[in-house]
*Asks:* 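The following block contains the structure, expressed as structure tokens.
Everything numeric in this text was worked out from a predicted model, so none of it was measured. Each chain gets a letter, A, B and so on, in the order the sequences are listed, and its residues count up from 1.
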Number of protein chains: 4
Amino acid sequence: MCPMDHEKRSHRGAPGKVSKRVAQGLRSRDSLLRAATRQFAERGFSATSIDDVCRDAGVVKSAVYWHFESKEGLLAAVLEETATAWIDGIVASVQQTGDPRERLSRAMVGMRDLVENRPALLRLLQSMLLERTGENAETRAVLVRVFDRARSALTDGIAEVIGSRPPGLETTAALLLASLDGIFLQHQLRRDVAELDRMFAELERAIVFLVTSLFNEAQRGRPDGTAGADRTPPADGEADK
Amino acid sequence: MCPMDHEKRSHRGAPGKVSKRVAQGLRSRDSLLRAATRQFAERGFSATSIDDVCRDAGVVKSAVYWHFESKEGLLAAVLEETATAWIDGIVASVQQTGDPRERLSRAMVGMRDLVENRPALLRLLQSMLLERTGENAETRAVLVRVFDRARSALTDGIAEVIGSRPPGLETTAALLLASLDGIFLQHQLRRDVAELDRMFAELERAIVFLVTSLFNEAQRGRPDGTAGADRTPPADGEADK
Amino acid sequence: MCPMDHEKRSHRGAPGKVSKRVAQGLRSRDSLLRAATRQFAERGFSATSIDDVCRDAGVVKSAVYWHFESKEGLLAAVLEETATAWIDGIVASVQQTGDPRERLSRAMVGMRDLVENRPALLRLLQSMLLERTGENAETRAVLVRVFDRARSALTDGIAEVIGSRPPGLETTAALLLASLDGIFLQHQLRRDVAELDRMFAELERAIVFLVTSLFNEAQRGRPDGTAGADRTPPADGEADK
Amino acid sequence: MCPMDHEKRSHRGAPGKVSKRVAQGLRSRDSLLRAATRQFAERGFSATSIDDVCRDAGVVKSAVYWHFESKEGLLAAVLEETATAWIDGIVASVQQTGDPRERLSRAMVGMRDLVENRPALLRLLQSMLLERTGENAETRAVLVRVFDRARSALTDGIAEVIGSRPPGLETTAALLLASLDGIFLQHQLRRDVAELDRMFAELERAIVFLVTSLFNEAQRGRPDGTAGADRTPPADGEADK
DNA sequence: GATGAATGAGCTTTCATTCAT
DNA sequence: AATGAATGAAAGCTCATTCAT
């Protein structure tokens with residue numbers, strides 16, 4: 001009768017207990033979600049039929065409508081999940097240890113890993129961005145949220161590393177994200193791992209430079225050195241030659 | 001029975017009347033092409049029906065099959081046209097006058113213009129890349145060609161500016177293209193012109209830095225200064241502080 | 001496994017707790033019945049889905065199968081109830097007090113009330129008649145029974161009033177019922193209360209005339225005046241001018 | 001591309017000429033219309049699937065969408081056609097020759113014929129009235145128009161017969177239509193031809209009475225007898241005993 | 001008694017494509 | 001070259017019904 005909200009209702013009494021049938025329900029919901037993520041990422045939303053998804057998930061068509069109400073609803077759920085995973089990837093790549101230069105370097109490796117090994121994430125987000133933001137406001141809202149959180153994570157990470165938050169930092173983070181997206185797109189086309197390495201190296205150099213100069217500007221702005229004085233400025237063999 | 005080559009056939013008899021028919025034919029072919037570009041860019045290939053395109057073009061459905069043989073054929077034609085226009089845009093942005101720094105700056109303006117005022121170009125290319133490279137080799141080939149030519153144009157342009165062609169230059173050009181794509185994607189989501197300005201400024205700084213250091217490396221590599229000695233190294237107030 | 005007869009089964013053990021379950025059961029049965037009556041009357045049987053009914057009743061879908069075995073069974077129950085209510089309405093309108101003319105007048109008011117204030121009754125009966133008598137014999141049987149009882153009630157009422165039961169009386173009663181149905185249909189279309197008033201006034205005049213002439217014929221048939229001589233013939237200022 | 005308006009376009013030059021293919025098109029359109037009328041009348045709109053109609057018409061499913069745009073559109077076309085036929089039936093029954101009493105009598109025969117031999121007309125109109133006026137304003141509009149034209153035809157016919165148009169005449173006509181509808185409904189249930197005869201006879205008596213008294217009232221209203229003086233008042237052996 | 005989930009047939013509609021004119 | 005009609009597969013979705021819990 002009214003699905004979609006069954007996760008909120010506790011089944012009479014025992015809250016942790018899910019009555020086998022419900023457990024099976026969650027399992028098929030999950031299969032659908034996984035299959036849909038795969039298919040939407042591979043062929044795009046429009047080009048994927050519900051039958052495609054169900055075949056892949058091993059579930060009958062009407063189950064989609066029980067669990068997600070519509071194809072659009074399935075997409076929304078997929079997007080929500082994927083978005084979370086993608087942000088988690090970004091956050092994980094930011095939370096590194098070591099001196100600033102090393103942290104950045106490891107972050108780049110983390111992002112490269114996203115591009116190379118989790119292509120479904122980025123494919124899905126990007127193709128939804130291109131395919132569906134024109135007509136579906138909800139999809140757009142999800143994507144804006146995703147992007148904002150990823151940028152914030154990056155901004156925070158950099159700010160933590162350099163010990164200050166200079167004004168242009170958000171733009172730098174946004175440019176980093178953009179480059180990540182663009183590199184991914186290019187990699188989708190060429191699938192040349194060596195080129196991928198070179199581009200990430202080049203991107204790293206650029207980011208180091210941008211962050212360093214932002215940092216220096218910020219230092220120059222307050223020469224008393226109160227903020228961030230406890231941290232060494234990011235050392236960069238190339239930028240400050 | 002054998003369309004697609006009607007441009008080669010000379011029509012028998014009265015040239016005045018025939019050329020009118022041919023002209024009409026070209027006109028509807030053109031309407032279709034324009035409408036298809038719009039629609040494919042806006043909603044993606046799969047989500048656009050031939051009816052959508054024809055409604056937009058004000059042409060009957062069967063005309064598509066006369067002029068382009070199939071939906072796929074229509075896409076190929078659209079892609080060919082769009083690709084040419086996009087490369088032309090890149091080339092035009094590279095062919096600037098003035099001192100190196102100024103040329104780069106103008107090139108950036110040119111690219112920004114592509115992002116802001118010709119979104120259909122990029123949307124179409126990117127969404128075809130995401131939507132169709134999995135299944136359609138021809139589309140992929142077209143896109144690889146487009147990308148290679150754009151990168152060559154950029155590489156050549158930079159090489160001309162700095163008077164040398166250091167080994168990493170292609171990668172820098174590729175990263176520039178990637179960033180352009182990424183910025184475009186982000187702009188599709190946010191439509192924030194001020195942010196677009198900031199990102200392009202940041203990108204310009206990064207590119208100047210990358211090119212400068214490439215140039216410097218190249219200089220260091222051949223200290224006799226034979227190559228490019230007739231040119232001033234790109235001046236950058238920030239990179240060589 | 002064998003519902004539908006749960007009203008006959010006495011539940012074992014604690015009567016307090018059981019009666020609570022039973023009461024709840026009756027309550028949802030009732031909600032379903034009410035909702036189904038509304039929905040079937042409004043949109044017809046075929047156009048109403050079990051989900052529609054359940055949404056309206058605030059009950060889960062499977063409850064329908066517990067209480068009524070099938071959609072068809074739900075309809076049967078609805079029809080039974082509605083039919084009873086409708087016949088009760090007719091009977092009530094017939095059982096009036098006062099002199100013959102007054103009784104008829106009041107009966108008309110009662111029928112008009114049915115048309116205006118209990119439209120679901122008539123809508124349901126009529127649409128079932130049109131929608132389902134082709135394929136479903138049971139529905140047809142119910143409706144025939146309903147109609148016969150209503151006609152009998154009318155016939156009896158008139159016979160009581162005029163003190164005799166002339167041969168054509170049943171037809172007059174049937175025509176009265178038919179007119180009632182037709183007026184109802186028209187009212188469904190126009191929803192014009194003033195027109196409804198006029199039509200009922202006109203109908204009343206016609207019925208008075210028909211009954212009067214039936215009565216007169218019957219009198220003429222037995223000139224000794226034994227039957228019904230204790231009653232004044234229905235007075236009608238227009239018919240016997 | 002844009003069907004539905006092909007009837008307005010003349011095919012280049014020759015206006016009467018329909019190019020075989022178009023003629024075939026009109027033929028399938030017609031088959032669909034006929035089949036849909038049958039099926040909708042028999043099973044109701046909702047209970048009839050497009051497949052049902054197409055099977056009956058011997059036409060493929062998508063043709064419905066070419067000719068009528070949707071199931072709703074098909075209904076609209078069916079309704080328009082049926083309505084016209086039904087009004088024509090009423091009009092034909094009114095246009096009779098002979099003295100007033102005879103004309104009425106023949107009109108009743110005509111209406112009876114509609115009830116008995118063209119049941120699809122009435123079934124369709126009535127069931128659409130019950131099934132679809134709640135949700136579809138267009139259907140309602142069509143039906144109101146139909147009803148109004150039928151009532152006008154009756155009113156005009158009676159007015160012509162009695163040589164005047166007394167104020168209550170429209171109501172009498174509406175009641176006559178209502179009775180016709182109600183009798184039809186009852187006949188759908190019982191299919192008893194003898195009863196049908198009796199009811200029409202009874203209805204005729206009632207109508208004669210109502211019209212006569214309307215006429216007499218009108219005469220009393222203008223005792224100079226200018227209007228309608230050239231016509232004998234309708235003679236009725238029963239009403240003016 | 002009630003519930004959440006499943007099931008598969010069938011629904012209306014859209015689609016790319018074909019074809020005779 | 002263009003058009004109106006046809007075609008059939010497949011799309012997204014709804015439905016009545018069943019079933020284990």
Side-chain angles (χ1 to χ4, degrees), chain A residues 1-3 6 9 11-12 18-29 46 48-52 59-67 69-72, chain B residues 1 3 6 11 18 20-22 24-26 28-29 46 48-52 59-67 69-72 74, chain C residues 1 3 6 11 18 20-22 24-26 28-29 46 49-52 59-67 69-72 74, chain D residues 1-3 6 9 11-12 18-29 46 49-52 59-67 69-72:
Chain A
M1 182 84 314
C2 54
H6 58 277
R9 247 177 290 143
H11 205 59
R12 54 184 150 149
V18 274
S19 53
K20 222 181 263 182
R21 206 84 204 273
V22 173
Q24 170 58 31
L26 289 176
R27 228 171 309 134
S28 15
R29 196 191 125 97
S46 297
T48 302
S49 77
I50 301 249
D51 269 321
D52 288 337
V59 158
V60 296
K61 230 192 321 193
S62 30
V64 168
Y65 296 88
W66 172 258
H67 289 291
E69 233 167 20
S70 69
K71 193 188 178 188
E72 206 80 43
Chain B
M1 269 284 93
H6 59 279
H11 278 265
V18 161
K20 216 179 266 176
R21 274 184 85 169
V22 170
Q24 169 58 28
L26 288 178
S28 55
R29 196 191 124 97
S46 296
T48 302
S49 78
I50 295 207
D51 268 323
D52 288 336
V59 158
V60 295
K61 210 164 27 165
S62 17
V64 169
Y65 293 86
W66 174 261
H67 289 293
E69 219 169 30
S70 72
K71 193 188 178 188
E72 208 80 42
L74 176 57
Chain C
M1 271 287 93
H6 60 280
H11 279 268
V18 160
K20 215 179 266 176
R21 272 184 87 170
V22 170
Q24 169 60 28
L26 287 178
S28 53
R29 197 191 123 95
S46 297
S49 77
I50 296 208
D51 268 322
D52 288 335
V59 159
V60 296
K61 215 171 12 172
S62 17
V64 168
Y65 293 87
W66 174 260
H67 288 294
E69 219 168 30
S70 71
K71 193 189 177 188
E72 208 80 41
L74 176 57
Chain D
M1 183 87 311
C2 53
H6 58 278
R9 248 178 288 142
H11 204 61
R12 52 178 155 153
V18 274
S19 52
K20 221 180 263 182
R21 207 83 204 273
V22 173
Q24 170 58 32
L26 289 176
R27 228 174 305 136
S28 20
R29 196 193 124 98
S46 298
S49 77
I50 301 248
D51 268 322
D52 289 336
V59 158
V60 296
K61 234 195 309 198
S62 29
V64 169
Y65 294 87
W66 173 258
H67 289 292
E69 232 167 22
S70 69
K71 194 188 178 188
E72 205 80 44

*Asks:* Rounded to the nearest 0.5 Å, what separates atom CD in D/Glu69 from atom OH in D/Tyr65?
*Replies:*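 One finds 11.0 Å between CD of D/Glu69 and OH of D/Tyr65.
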
*Asks:* Given that A/Ser62 and B/Ser62 both sit by DNA chain F, which one's nearest nucleotide is further toward the 5' end?
*Replies:*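 The residue closer to the strand's 5' end, by nearest nucleotide, is B/Ser62.
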
*Asks:* In whole angstroms, how far is the P atom of F/dA5 from the CD atom of D/Glu69?
*Replies:*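 Taking atom P of F/dA5 as the reference, CD of D/Glu69 is at 13 Å.
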
*Asks:* Between C1' on F/dA6 and OH on D/Tyr65, what's the gap in Å once rounded to a whole number?
*Replies:*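 Checked: the OH to C1' distance equals 16 Å.
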
*Asks:* Does A/Ser28 make a side-chain N or O approach to OP1 or OP2 of E/dA6 shorter than 4.0 Å?
*Replies:*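 Yes, A/Ser28 has a side-chain N/O under 4.0 Å of OP1/OP2 on E/dA6.
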
*Asks:* Side-chain contact test, heavy atoms from C-beta onward, threshold under 4.5 Å: evaluate it for A/Asp51 versus A/Lys61 and give yes or no.
*Replies:*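 Yes, close enough: below the 4.5 Å cut-off.
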
*Asks:* Reading DNA chain E from 5' onward, which residue's closest nucleotide shows up sooner: B/Thr48 or A/Val59?
*Replies:*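 Counting from the 5' end, the first nearest nucleotide belongs to A/Val59.
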
*Asks:* What would the secondary structure line of DNA chain E be in dot-bracket form, counting Watson-Crick and G-U wobble pairs under 3.5 Å, with [ ] for pairs that cross earlier ones and | for pairs with another strand?
*Replies:* .||||||||||||||||||||

*Asks:* When the distance from CD of A/Glu72 to P of F/dG12 is rounded to whole Å, what number comes out?
*Replies:*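 Result: 11 Å.
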
*Asks:* Can you check the D/His67 NE2 to F/dT7 P distance for me, whole Å?
*Replies:*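 Result: 10 Å.
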
*Asks:* Please confirm whether the shortest side-chain N or O distance from A/Trp66 to OP1 or OP2 of E/dA5 is below 4.0 Å.
*Replies:*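 Affirmative; the distance criterion is met.
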
*Asks:* Output all residues satisfying side chain to side chain contact (heavy atoms under 4.5 Å, CB included) with A/Thr48, sequence neighbours left out; order by chain, then residue number.
*Replies:*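 Only A/Gln39, A/Phe40, A/Arg43, A/Asp52, A/Val53 meet the side chain to side chain contact (heavy atoms under 4.5 Å, CB included) criterion with A/Thr48.
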
*Asks:* Kindly say if D/Ser49 contacts the phosphate of E/dG10, meaning a side-chain N or O under 4.0 Å from OP1 or OP2.
*Replies:*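 For D/Ser49, the contact criterion (side-chain N or O under 4.0 Å from OP1 or OP2 of E/dG10) is not met.
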
*Asks:* Please find the pair of heavy atoms, one from B/Ser28 and one from B/His67, that lie closest to each other, and give the distance.
*Replies:*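 Scanning both residues, the minimum pair turns out to be OG-NE2, 3.4 Å.
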
*Asks:* Between E/dC19 atom P and D/Gln24 atom CD, what is the distance in whole Å?
*Replies:*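 It is 17 Å, rounded to the nearest whole Å.
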
*Asks:* Tell me, please, which residues at least two apart from A/Ser70 pass side chain to side chain contact (heavy atoms under 4.5 Å, CB included).
*Replies:*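 Per chain and number, A/Ser70 pairs via side chain to side chain contact (heavy atoms under 4.5 Å, CB included) with A/Glu72.
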
*Asks:* Taking the nucleotide of DNA chain F with the closest heavy atom to each, which residue, A/Ile50 or C/Ser46, is nearer the 5' end?
*Replies:*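 First, find each residue's nearest nucleotide; the 5'-ward one identifies A/Ile50.
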
*Asks:* To the nearest Å, how far apart are C/Lys61 NZ and F/dC19 P?
*Replies:*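 In whole Å, F/dC19 P lies 15 Å from C/Lys61 NZ.
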
*Asks:* Assuming nearest nucleotide by heavy-atom distance, tell me which of C/Ala63 and D/Asp51 is located more 5' along DNA chain E.
*Replies:*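 The residue whose closest nucleotide sits nearer the 5' end is C/Ala63.
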
